[in-house]
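Contents: one structure, followed by commentary.
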Amino acid sequence: MSNDSSNTLRSLIYNLDTTTTPPKATLSVLDQLLLPHNTAYIPIHTVSDAWTVIRTMQIRGAPLIAIVAVLGLAVDLTSNADTVSSLQNKSVDEIKQVIGEKMEYLKTSRPTAVNLFNAMEELSNIIIMDTSLDTREALLEKLTSHASYMLERDVSDNKLIGSHGADDILANRESDVKVQVITICNTGSLATAGWGTALGVARELCERGRMDGIACLETRPYNQGSRLTAYEILVEKMPNPTLLCDSMTSSFLANKVNPSNTVCIVGADRVCANGDTANKIGTFQLAIIAKEFGVDFYVASPFTTLDVKLASGKQIEIEERPAGELLESSCAPKDMRCWNPGFDVTPARYITGIITEKGVLRRSEDGTFDVKEFVEKHS
Ligand SMILES: CSC[C@H]1O[C@H](OP(=O)(O)O)[C@H](O)[C@@H]1O
């Protein structure tokens, strides 16, 4: 089993051998630091391997981080010889404690994307809290089957995000109008288990014959846009692809496209109760430019990215990446000081709508979002 077959690019390869009891899971992930010029898959044998590929951003993307953590846990507990033998003489409660400790460790890999924390909480509720799982075999069978379910659910949710997003974007446009999409970072098959979130909306627009072109921002300093999204767009043969330096967006809107038929679609790492949204650094700047040109600005994310425990973006922990990542991608002197936040927060007032697999939450007339009401309605 692996990513959705309709995607050419596979961020991971996961297999579950159900001929054994308990089943044995195996996982390898596409090393995104080598893309687009080299393709190599890294075997994942332990939660430590999963933690490392998440932390180093060999794999990245809020949904994919969560999926790799879940699958890495399943592989460690069913296929890693040291772990398997260490569980042989443990009671179910002791095994549950081991699983809980491994989950807590995985949660220390990266702080901003809420998907990882939600996935660990979901697994804990399904596995650790279920007292009916009273043997090692039952526990591990449930873990592997739920991990497979979460992998498949991510792809099906992304396709619903694509459909709801395209419906909303096209709702007030003539049937012969094709839209120009602008996006930042990477939110496609390389950020998810398949299809993508914001790039999934672009895929849906393509499938409907309603996308005129797509421009992706380089997304410095990690360059998810130039290294990953540009690659994905070309592999998927999306129409009229354009790579922009992050600094080109306003001129692109002023001189190259019709703003009234242009839409910005971005991903999210965390959406707060008031609609403030954390996403890749540079997203806030894009939102300001979109507002200036009267261009709709959509956030596309799984429902589980809505974090109503946080009232506003001020409460989001923004991961700071190593200075070296910025210096490596610039021509600056190596001893230059720099600031390298991985994310920024776009205030709700800049956002037109939040696209999820359960529907689109549009900003209300008073310029705010009631995310809590949307979550309660769709939970
Ligand atoms: C659908 S991915 C969501 C989100 O994750 C990315 O961050 P990173 O590449 O650092 O993991 C980016 O913010 C995407 O928009």
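Read the numbers this way: they start at 1 and go in the same order the structure lists the ligands and their atoms.
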Phe369/Phe374 aromatic ring centres below 6.0 Å
no
Any carboxylate oxygen within less than 4.0 angstrom of a Lys/Arg side-chain nitrogen, looking at Lys372 and Glu376?
no
With a 4.0 Å heavy-atom cut-off, what residues sit around ligand 1?
Met57, Arg60, Gly61, Ala62, Pro63, Arg110, Cys185, Asn186, Thr187, Ala191, Thr197, Gln224, Gly267, Ala268, Asp269, Asn279, Lys280, Phe343
Between CZ on residue Arg60 and CG on residue Asn186, distance to nearest 0.5 Å
4.5 Å
Note: Lys142-Asp130 ion pair, threshold 4.0 Å (strictly below):
no
Residues Arg153 and Glu357 bridged, charged N to O under 4.0 Å
no
Would Asn274 and Thr368 count as a side chain to side chain contact (heavy atoms under 4.5 Å, CB included) if you check the C-alpha gap in whole Å, the side-chain angles of each, and the deciding distance to 0.1 Å?
CA-CA 7 Å; Asn274 71 344; Thr368 64; over 6 Å; no
